[in-house]
Amino acid sequence: MDKKQRVLIVDADHSLGLALSKELAEAGHSVTTHARKSEPGIDIVGNDIPNELLKWDSAYGPFERIVFGLQDGAEVAETPEDIGKIQHDLARTLGEIKASVQMLSRRDDGQVWVLLQEDSMQYYLPVAAQPMRSRALVGAIKSLAKEVFCFGVKLNALHVQPLAEQLDAALWKDARTNLKAFAIKFRPQKSIDVAKFLRALIELKGIPLAGMVLPVGIGYPENNV
Amino acid sequence: MTSKQANITLQPADCGVGASAVPVLRKTVLVTGGTRGIGRAIVTKLVSDGWNVGFTYRSEASVADLFLQTLREGIMDSEQRVQAFAVDLASEESVRNLPAQVETHFGRLDALVNNAGLTDDGAFLTMDAARWQRVLNANFGGTARLTLAALPALLRQPDPSVVVVASLAGISGKEGQVSYATSKGALVGFTQWLGRRYGEQGLRVNAIAPGFIRTEMVNVLEPEMYDHILAATALKRMGEVAEVASAVVFLLSPGYLQGSTLRIDGGFKR
């Protein structure tokens, strides 16, 4: 590890966000956790991230790493109102990523990570995820990363398959049973294991990744284009 | 009236030129953004392949009228075969009413080609939020809302199909096109979701991701601006709008493709 990092985790109120926070803190990094609403153990609360970011940076930073956590809740596109919500969520997320990148571009060797939910496991598990948000942000990240690389910011994503903690153990067991021949290979990954992987990336200086979407999982789902 | 009720031969891919002993009830497709570029080529190809075609345009009525006249030349029952509809996909009310207008005109709606879209290029870090929200609303919001509005009509038909025109930018990313790539990526996801949600009911849903295609917009560019793209394309040339149209026709034909996004990019970086 080159040095201790100051990390902001946006939307940390998820099993992976909390595991990452713990993992980073135990490794000696400075971690600030954010959520949209008050939660035990969360440092800062707020919805207007683009306007609050510099304030948080003054109070807890300056941050060198910003992680956008997984978000719970299924996207549905059954009605025009659903479409409006997805659109609103995308516009808001774009604004938040933009503000984060702008802030880190004033520093050397910034990293922004966006965690996206892989959704093809839905065929076996009732995981709350749909591909609209993740596919949209893949397009956004691959594009914006090309624009901001020259400012010293590496913007990347992890495309994360469902985590053990996201579903009851019984549901995982049912999925393994239903898959029969594949059952032996079908084991959920734990949040802490993904957190350790991301911590290792966060600790790297001059990471050779920009505009990349890294698949994280056991390899069973296949949601490629 | 459906094909099952009337026992009338469906001819989705037959020009229907000349007399037929059996009455022909053609399949109907609605193409958004049909007066220019890729959309115009799709409309032309589908009319020539025997579909009833409704196409939309946003504001250029004179261009749409002229195109309509051209399409109708030499076609029997041309007013029943091809029609233009003025629609702004950003208007929820227009979008909501459009499928009913198409059904009223043609008697049915079998397929939807979501082609209309806009771009607003520029450095994202200095771009005003209103600009990227407009792109998201038109490309993703308008397309998704129209598709939902068309579902009841589509699902009444025996082999309904939706094709979404996404973009290579939505898959591979493109600097200067963050909002466009976001909206097209969302459409790739929407295609997967819709195909999963309605596949069991017989709706086929797929997308295409055109790469660098020769359109009116490209024709005004200097070669220095796109030489590097052609150099990274296995076929070493731009794609033609007719080639994109052929892919759309392929995806509209019955098959086992579902939730897929077909790259029409000449082997870009492959």
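Letters A, B, ... are given to chains in the order of the sequence lines, protein chains preceding strands, and every chain is numbered from 1.
Within residues 144-154 of chain B, the residues having any heavy atom under 4.5 Å from a heavy atom of chain A are, by residue number, B:Ala144, B:Arg145, B:Leu148.
Within a 6.0 Å radius of CZ in A:Phe149, no more than 12 heavy atoms belonging to other residues, nucleotides or ligands are found. The neighbour count for B:Lys236 NZ, taken as heavy atoms of other residues, nucleotides or ligands under 6.0 Å away, is above 12. The environment of B:Arg134 atom CZ is sparse: at most 12 non-hydrogen atoms of other residues, nucleotides or ligands sit within 6.0 angstrom. Other residues, nucleotides and ligands place no more than 12 heavy atoms under 6.0 Å from the CZ atom of B:Arg36. The neighbour count for B:Gln201 CD, taken as heavy atoms of other residues, nucleotides or ligands under 6.0 Å away, is above 12. Within a 6.0 Å sphere centred on CG of A:Asp108, other residues, nucleotides and ligands contribute 12 heavy atoms or fewer.
Side-chain atoms of A:Lys98 come within 3.5 Å of backbone N or O of B:Met127 as a donor-acceptor pair. A:Gln87 contributes no side-chain N or O that, together with a main-chain N or O of B:Phe140, makes up a donor-acceptor pair within less than 3.5 Å. A donor-acceptor contact shorter than 3.5 Å links the side chain of A:Lys142 to the backbone of B:Ile171. Under the 3.5 Å distance criterion, the side-chain polar atoms of A:Ser143 are left unmatched by any main-chain donor or acceptor of B:Gly173.
The side-chain heavy atoms of A:Phe151 and B:Leu125, taken from C-beta on, include a pair separated by under 4.5 Å. For the pair A:Val101/B:Phe124, no side-chain contact is recorded, criterion being any heavy-atom separation below 4.5 Å from C-beta on.
Note: B:Ala186 leads B:Ser167, B:Ala186, B:Ser179 in heavy-atom pairs under 4.5 Å with chain A.
For B:Ala129, no part sits under 4.5 Å from any heavy atom of chain A, backbone or side chain. Within the 4.5 angstrom heavy-atom criterion, atoms from both the backbone and the side chain of B:Trp193 approach chain A. Both the backbone and the side chain of A:Glu78 come within contact range of chain B, judged by heavy atoms closer than 4.5 Å. For A:Val148, the part sitting under 4.5 Å from any heavy atom of chain B is the side chain, from C-beta outward, and nothing else. Proximity to chain B is absent for every atom of A:Ser105, based on heavy atoms less than 4.5 angstrom apart. Heavy atoms of B:Ser172 lying under 4.5 Å from chain A belong exclusively to its backbone.
Partners of B:Glu93 by salt bridge (Lys or Arg N to Asp or Glu O under 4.0 Å), not counting sequence neighbours: none found.
The residue from B:Arg196, B:Arg197, B:Gln192 that alone fulfils the side chain to side chain contact (heavy atoms under 4.5 Å, CB included) condition with A:Gln130 is B:Arg196. Results of the side chain to side chain contact (heavy atoms under 4.5 Å, CB included) test with B:Thr182 over A:Ile141, A:Leu94, A:Val138 single out A:Leu94 as the only residue that passes.
Interatomic distance, CD of B:Gln133 versus CG of A:Leu90, reported as 11.0 Å (0.5 Å rounding). Here CD of A:Gln102 is found 8.5 Å from OG1 of B:Thr126. Values are rounded to the nearest 0.5 Å. In this structure, the separation between OG1 on B:Thr191 and CZ on A:Arg135 is 11.0 Å, given to the nearest 0.5 Å.
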